[in-house]
Amino acid sequence: IFMGIATPTEAGAVGAVGAMGLAALHRQLSMGVLRAAMEETSRITIMVVFLLIGTTAFTLVFRGLEGDLWIADVLGNLPGGALGFLLVVNVVVFVLGFFIDFFEIAFIVVPLIILPARQLGIDLAWLGIMIAINLQTSFLTPPFGFALFYLRGVMTKRIPTEVLYRGVIPFIVVQLLILTAFVVWTAPNVGPSPGGP
């Protein structure tokens, strides 16, 4: 992916073939295992498709009632201009990242903040990077972070959850500092110019 040779979908397919090869080498590949993997993949794919259908319907109704214009007006006229907008967006995305995963945020929240971001002159690619950094931090934050649940699932039961929570605190602090520095020093129309101190 980083070298531009494969898209994420193609890389996922290569990973699936690699996982099947490893399972075969360990003599654990069977039709039952393959069927279970296909069922789980189908379940996740169906969930994402229905999520897309639901968010598209929500967006159509919301825009039909001019809700997007109302949101753009509220977010575009916050005190502090672009910095106030970014502060509110970061707080909302951070809190939502505790309870819902990336798909819902990407399909429901992001379309609502694009119009005010454009009006404030914020580069949308830059905004996407900021949201990604924010979500990564949110997914690590106790007690609801998604990454913590995944990590808890692979950790030995002898290590208590409190140890896991304490262990991620330095990473959360570092990511919050990175997010703050990213906003202050690179945000269009917000902080010092990128060539500044």
Side-chain angles (χ1 to χ4, degrees), residues 1-15 44-45 47-49 51-52 54-56 58-59 62 68 71-72 75-76 78 80-154 164-165 167-194 196:
I1 294 171
F2 289 129
M3 295 171 64
I5 296 171
T7 66
T9 304
E10 294 164 346
V14 171
I44 292 170
T45 304
M47 178 193 73
V48 171
V49 168
L51 186 64
L52 280 170
T55 54
T56 302
F58 169 79
T59 303
F62 197 71
D68 58 332
I71 294 282
L75 292 177
L78 289 170
L83 185 59
F85 167 78
L86 292 173
L87 181 65
V88 168
V89 166
N90 272 308
V91 169
V92 168
V93 168
F94 190 77
V95 171
L96 286 175
F98 291 165
F99 308 105
I100 58 178
D101 82 14
F102 168 76
F103 290 114
E104 288 89 348
I105 292 171
F107 294 135
I108 297 173
V109 177
V110 171
L112 295 178
I113 63 175
I114 288 176
L115 183 57
R118 279 192 181 134
Q119 291 173 349
L120 292 167
I122 296 171
D123 180 74
L124 297 183
W126 180 91
L127 183 65
I129 294 168
M130 183 199 75
I131 290 172
I133 296 170
N134 189 328
L135 283 174
Q136 179 60 40
T137 309
S138 179
F139 291 162
L140 268 180
T141 304
F144 305 112
F146 280 102
L148 299 178
F149 287 110
Y150 300 142
L151 188 55
R152 176 74 263 178
V154 298
L164 172 63
Y165 285 176
V168 297
I169 289 172
F171 296 97
I172 295 168
V173 170
V174 168
Q175 287 187 329
L176 287 173
L177 290 173
I178 290 170
L179 180 62
T180 303
F182 183 76
V183 170
V184 170
W185 278 295
T186 67
N189 306 324
V190 175
S193 65

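One is the number of the first residue; the rest follow in order along the sequence. No experiment lies behind these values; they were computed from the predicted model shown.
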- Query: Taking all non-hydrogen atoms of both residues, which atom of A82 and which atom of L120 are closest, and how far apart?
  - Reply: CA-CD1, 4.1 Å
- Note on the structure: Sequence neighbours excluded, the answer for side-chain contact (heavy atoms from CB on, under 4.5 Å) partners of V14 is none
- Smallest heavy-atom separation, L127 atom then A117 atom, equals CD2-CB, 3.8 Å
- Roughly how far, to the nearest 0.5 Å, is the CG atom of L115 from the CD1 atom of I71? 10.5 Å
- V89 and M130: side-chain contact (heavy atoms from CB on, under 4.5 Å), yes or no, with the steps? CA-CA 10 Å; V89 166; M130 183 199 75; 4.1 Å; yes
- Message: Once rounded to the nearest 0.5 Å, what's the spacing between atom CD1 of I108 and atom CZ of F62?
- Response: 11.0 Å
- Query: Can you find a heavy atom in the side chain of L83 that is under 4.5 Å from one in the side chain of V184?
  - Reply: no
- For I114, enumerate each residue passing the side-chain contact (heavy atoms from CB on, under 4.5 Å) test, keeping only those at least two apart in sequence or located in another chain. V110, R118, L124
- Query: With V173, which residues qualify under side-chain contact (heavy atoms from CB on, under 4.5 Å), at least two apart?
  - Reply: I169, L177
- Query: Got a sec: does the CZ of F139 have more than 12 other heavy atoms crowding it under 6.0 Å?
  - Reply: yes
- Message: Nearest 0.5 Å, please: how far is OG in S138 from CZ in F102?
- Response: 13.0 Å
- Query: Quick one: does I131's side chain get under 4.5 Å of I113's, heavy atoms only?
  - Reply: yes
- Task: Calculate, to the nearest 0.5 Å, the distance between atoms CG and CZ belonging to L140 and F171 respectively.
- Result: 8.5 Å
- Message: So, taking the atom named CZ in F107 and the one named CG in L51, what distance separates them when rounded to the nearest 0.5 Å?
- Response: 6.0 Å
- Note on the structure: Closest non-hydrogen atoms of I105 and V93, given as atom of the first, atom of the second and distance, are CD1-O, 4.4 Å
- Message: For F94 and F98, take the angle between the two ring planes, folded into 0 to 90°, and tell me which bin it lands in: parallel under 30, tilted 30 to 60, perpendicular over 60.
- Response: perpendicular
- Task: Specify the closest pair of heavy atoms between P111 and A106, including all atoms of both residues, with the distance to one decimal.
- Result: CD-O, 3.4 Å
- Message: I need the minimum non-hydrogen distance between P170 and G167, along with the two atoms involved.
- Response: CD-O, 3.4 Å
- Query: So, T180 side chain and L176 main chain: donor-acceptor pair closer than 3.5 Å or not?
  - Reply: yes
- Task: Could you give me the CA-CA distance, side-chain angles and deciding distance for W126 and F182, then say whether side-chain contact (heavy atoms from CB on, under 4.5 Å) is met?
- Result: CA-CA 10 Å; W126 180 91; F182 183 76; 3.2 Å; yes
- Indicate yes or no for a side-chain donor-acceptor contact from E10 to the backbone of T7 under 3.5 Å, with no hydrogens or angles considered. yes
- Task: Quick one: pull up CG in L135 and CG in L179 and give me the separation to the nearest 0.5 Å.
- Result: 10.0 Å
- Residues T141 and T137: closest non-hydrogen pair is OG1-O, 2.8 Å
